[in-house]
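Beneath this line is the structure, given in structure tokens, with notes to follow.
Every chain is numbered from 1 and lettered A, B, ... according to where its sequence line falls, protein lines coming before strand lines.
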There are 2 protein chains.
Amino acid sequence: MTKHINTNEADKLSKPKQLQSAELSAILGRLDKKGARRLMERVDTSLIALRRILRATEMFGRDLAKAAGLTPAQFRVLQVVSEKGWSTPKAISQRMGVSQATMTALIDKLEKKGMVTRQRSERDRRQTDIVITEKGAGAIDEAPDALQQIFVRRFEALEDWEQAQLIASLERVAAMLDAHEIDAAPVLDWGDISGKPN
Amino acid sequence: MTKHINTNEADKLSKPKQLQSAELSAILGRLDKKGARRLMERVDTSLIALRRILRATEMFGRDLAKAAGLTPAQFRVLQVVSEKGWSTPKAISQRMGVSQATMTALIDKLEKKGMVTRQRSERDRRQTDIVITEKGAGAIDEAPDALQQIFVRRFEALEDWEQAQLIASLERVAAMLDAHEIDAAPVLDWGDISGKPN
DNA sequence: TCGTTTAGTTAGGTAGTTGAAATTTTTGGA
DNA sequence: TCCAAAAATTTCAACTACCTAACTAAACGA
């Protein structure tokens, strides 16, 4: 039933590096030898798969944006704005993880191409509302989403239960990773790999 | 046991756009109404999760590279080279999906920083071997891999069967997406939205 | 009303990217 | 052997994307 998918030889992308000393040994200390090795293998395997996904997606993104006559970054901005039809530079920049200055530049480009317009907000005149234009909405709709197309095509071929499982797993991984924004502090403060006790 | 993960409200990143006309209707034609709606929902959900993963990873990548004193692109090159200890510009550029010209520039930077050396290949003197230096290997080993660390930490907390399922699903998705390189043609030939025959 | 905070922009500089042209070497004939 | 075509890399010119720091304008609080 479950077709076995062979992935190992192909191109294992940027091998997830042997597991890290400090962090890992803390974990391994609580496991027996065999359990430890299995954990390492599993994490490695998962990260390899994750990186393959990332790589594939990155490439789709480029093709996609090119097809829409935009750069990847510009396209992402337009996508975000198109969700509600408008947004503010600040909100978009936070969402995308870039600085406001960068956002200004990106919006300049999109405005010049007639994809969005800027208008001073009524609510708070410090703010600028970025509003998607007819043309911008069109660009989003027209753009063939390679990622989506390929995904749909293959997703459809899966058994029902497989689809369900896939979704559950993806959401789990997503939650594992982007919880980062919520409790980042204890994990991301390694400007001090050197000595301080975290 | 299985904690339910709530994802829907938070930040659905760049909503996966209503499904595409041509492609989709071809699929839907073969399904009843209810089946069609469920498929759409599932694909949407999956893509949202996938994009959350991408977003989180992209941000990790930045932090990581910064910690290593490199840019994300430079770091990726170094990772690829470190797999076998050496590689060629052509191979790396293909692997990363960038042009050779770009690769030359990136390698220039890494060479200047002493992370890799260039040496004319013995095998074929048109080629240049990019060899990782002691320092380069050190940078890779030292670099705290935020993605990995967070992933390990949370992965370890999962039940055994959950880990296994996660791996299976990730590999499945990876296979779904990066088969792209093998049969891309029928899907990616939309250079003709504008007019020119590709 | 005076300082502080917040939103956005501008300016200056670094990095990544590409296409086209030039360079060097290899390869496969005639 | 000699040469043209092919291959790997680099150089060049032009962009695009980003970041930090400095600056403007509006809002807000005491």
Consider the side chain of [X], meaning its heavy atoms from C-beta on, and name the nucleotide among [options] that approaches it most closely.
{"X": "A/Ala101", "options": "D/dT10, D/dC19, C/dT25", "answer": "D/dC19"}
{"X": "B/Gln74", "options": "C/dA20, C/dA15, C/dG8", "answer": "C/dA15"}
{"X": "B/Ser99", "options": "C/dT17, C/dT9, C/dT18", "answer": "C/dT18"}
{"X": "B/Val98", "options": "D/dT11, D/dC18, C/dT17", "answer": "C/dT17"}

Measure [atom1]/[X] against [atom2]/[N] and give the value in whole Å, please.
{"X": "B/Leu106", "N": "C/dA15", "atom1": "CG", "atom2": "C1'", "result": "9 Å"}
{"X": "B/Arg123", "N": "D/dA7", "atom1": "CZ", "atom2": "P", "result": "17 Å"}
{"X": "B/Met103", "N": "D/dT9", "atom1": "CE", "atom2": "P", "result": "10 Å"}
{"X": "A/Arg76", "N": "D/dT16", "atom1": "CZ", "atom2": "P", "result": "16 Å"}
{"X": "A/Ile107", "N": "C/dA7", "atom1": "CD1", "atom2": "P", "result": "14 Å"}
{"X": "A/Gln127", "N": "C/dG8", "atom1": "CD", "atom2": "C1'", "result": "10 Å"}
{"X": "A/Asp108", "N": "D/dC18", "atom1": "CG", "atom2": "C1'", "result": "14 Å"}
{"X": "A/Gln94", "N": "D/dC19", "atom1": "CD", "atom2": "P", "result": "13 Å"}

Original post:
Counting just side-chain N and O atoms, does A/Thr102 come under 4.0 Å of either OP1 or OP2 of D/dC19?
Top reply: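 Answer yes for this pair, as a side-chain N or O of A/Thr102 is under 4.0 Å from OP1 or OP2.
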
Original post:
Does B/Lys109 have a side-chain nitrogen or oxygen under 4.0 Å from the phosphate oxygens OP1 or OP2 of C/dG16?
Top reply: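 The answer is yes; a side-chain N or O of B/Lys109 sits under 4.0 Å from OP1 or OP2.
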
Considering every strand and a 4.0 Å limit on heavy-atom distances, what is the contact class for [X]: base, sugar-phosphate, or nothing?
{"X": "B/Arg118", "answer": "sugar-phosphate"}
{"X": "A/Ser121", "answer": "nothing"}
{"X": "A/Ala105", "answer": "nothing"}
{"X": "B/Thr128", "answer": "sugar-phosphate"}

N-O pairing of [X] and [Y] below 4.0 Å:
{"X": "A/Arg52", "Y": "B/Glu171", "value": "no"}
{"X": "B/Asp160", "Y": "A/Arg42", "value": "yes"}
{"X": "B/Arg95", "Y": "B/Glu83", "value": "yes"}

Subject >> Any donor-acceptor N/O pair, B/Thr133 side chain to B/Met115 backbone, under 3.5 Å >> reply: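 Checked: pair present.
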
Original post:
Under 3.5 Å, is there a donor-acceptor pair between the side chain of B/Thr102 and the main chain of B/Val98?
Top reply: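 Pair absent, no side-chain N/O of B/Thr102 close to backbone of B/Val98.
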
Original post:
Taking atom types as they are modelled, is there a donor-acceptor pair under 3.5 Å from the base of C/dT6 to the side chain of A/Arg126?
Top reply: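 Under the 3.5 Å cut-off, the side chain and the base do form a donor-acceptor pair.
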
Original post:
With nearest nucleotides of DNA chain D determined for A/Arg125 and A/Gln100 from heavy-atom distances, which residue corresponds to the more 5′ nucleotide?
Top reply: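 Looking at the nearest nucleotide for each, A/Gln100 comes out on the 5' side.
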
